[in-house]
Amino acid sequence: MSDLSPIDKAKFAAAKRATEYVEDGMRVGLGTGSTAAWLVRCLGEMVENGLKITGVPTSSRTAELARGVGIKVVSLDEARWLDLTIDGADEYDANLNLIKGGGGALLQEKIVATASDQMVVIADISKQVETLGSFPLPVEVIPFGWQTTKTLVEETLIGMDVLGRTSSLRLNGDRPFVTDEGNYILDLHLNRIGNARQLSLVLNQIPGIVENGLFIDICDAVVIGYGDGRVEVRDINEGTVEESRIDFLETENLFTDLD
Ligand code: 5RP
C-alpha cells in the first residue's frame, strides 16, 4: 500500500467507497480505466467473501479483469438492464456532466451507463473542472472514410462554442488505435466546451461518428477520492455532499494480492 502513489491511493479510496452502492443480487456495469480497475478488484474481494452480483463489463480489458477476480460476467444483452454502473471519467463538472473515453471505451461505457438505474463516477480530484474541454474529447468514428469524417468534424466545430478546433487520430504505436467495436477514435482538442449538450447533439449528426465522449445528464453521483483516504460523495439528484474516510490498513490484503 505504501508503494502506491497518492493518485493511486485516491483512485482506490474512491473505488472502495463506491462499493457501498453495490448490494447483493445487483446487476452492475463495470467501467474501464485505472480507477475502474480498482473497483473491479474491490468487488472481486467482496465476491470472494460471499457477495452475489452479475457484472456487465464496458470493455474486453474489464471483462478479463472481472473474470480474473471471480465476478460473474454477462453481456448487456443477457442482463438487459442494470441496477448500477460505476465508472471512471476524464473530466466532470459541477452538473456531473462528463468527458469519457480516455481509455477508448466510450461507446460501451455510454451504452451501459445509459442502461442503468444509476451511474456513479469514481475519480480523484484532478478530474474536476469548471468547464469541460481541457481533456481532448474522444469521438468514436467508423474507419471507412475517417479522414473525411475528421474534416467534417473540424468544419462543424467552426460554428460551435469551443476554443480549439483541431483533431487527431488516436494511435497505438504507429497504427490507428482500434476500439473493441473495431472503430477509430478522433481526439478533439477543444480546450473549452461552452455548450456541451449542443456539441454532443451536433457531433452525433455527422455520418461516420458512432458516438462522442460527452456524458450529459447520465451521471447521478461522483465519488471523489484523495490520497490520504478522504472521500467525498456528491449526489446530483439529492443535492447532498457526504464526507468519509477509507482506512487503508483494513484493505492491505487487496494490495498484497496484487503482488
Ligand atoms: C475509459 C474512460 C475512463 O473511465 C477514463 O479515461 C478515466 O480513466 P482513469 O480512471 O484511468 O483515469 O473513460 O474509456
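We count ligands from 1, going down the list as the structure has it; atoms in each ligand are counted the same way. Only a predicted model underlies this, so the values are computations on that prediction, with no experimental measurement involved. In what follows, every heavy atom counts, from backbone to side chain, and hydrogens, waters and symmetry copies are set aside.
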Interatomic distance, CD@Glu20 vs OG@Ser244, rounded to 0.5 Å, equals 6.5 Å
In ligand 1, the atoms that come under 4.0 Å of a heavy atom of Gly88 are 4 (O)
Within 4.0 Å of some non-hydrogen atom of Gly101, the atoms of ligand 1 are 2 (C), 13 (O), 14 (O)
Query raised in the report: So does Arg245 have more than 12 non-hydrogen atoms from other groups sitting under 6.0 Å from CZ?
Result: yes
_Can you see whether Thr151 engages Thr148 through a side-chain donor-acceptor pair at a distance of less than 3.5 angstrom?_
no
With no hydrogens and no angle check, just 3.5 Å: does a side-chain donor-acceptor pair link Gln108 and Glu181? yes
Query raised in the report: Can you find a heavy atom in the side chain of Leu214 that is under 4.5 Å from one in the side chain of Ile193?
Result: yes
Heavy-atom side-chain proximity of Val233 to Val222 below 4.5 angstrom: no
Counting heavy atoms under 4.0 Å, the part of Ala123 that contacts ligand 1 is neither
Atom 14 (O) of ligand 1: of Arg61, Lys11, Glu109, Glu91, the nearest heavy atom sits on Glu109
Among non-hydrogen protein atoms, atom 12 (O) of ligand 1 lies closest to Lys127 NZ, 2.7 Å
Atom 10 (O) of ligand 1 has as its nearest protein heavy atom Thr35 OG1, 2.5 Å
Here the atoms of ligand 1 under 4.0 Å from any heavy atom belonging to Asp87 are 4 (O)
among protein heavy atoms, the one nearest atom 9 (P) of ligand 1 is Ser34 OG, 3.3 Å
the protein heavy atom lying closest to atom 3 (C) of ligand 1 turns out to be Thr32 O, 3.2 Å
Heavy-atom proximity to atom 7 (C) of ligand 1 ranks first, among Gly31, Gly102, Ala89, for Ala89
In Ser134, Ser168, Ser167, the residue satisfying side chain to side chain donor-acceptor pair (under 3.5 Å) with His189 is Ser168
Here the atoms of ligand 1 under 4.0 Å from any heavy atom belonging to Gly104 are 14 (O)
### Task
Kindly confirm or rule out a cation-pi arrangement of Lys127 over Tyr92, judged by NZ or CZ under 6.0 Å from the six-membered ring centre and within 45° of its axis?
no
Among Gly213, Ala105, Gly33, the residue with a heavy atom nearest to atom 8 (O) of ligand 1 is Gly33
Would you call the rings of Phe12 and Phe248 parallel, tilted or perpendicular, taking 30° and 60° as the class edges? tilted
closest protein heavy atom to atom 5 (C) of ligand 1 is Asp90 OD1, 3.1 Å
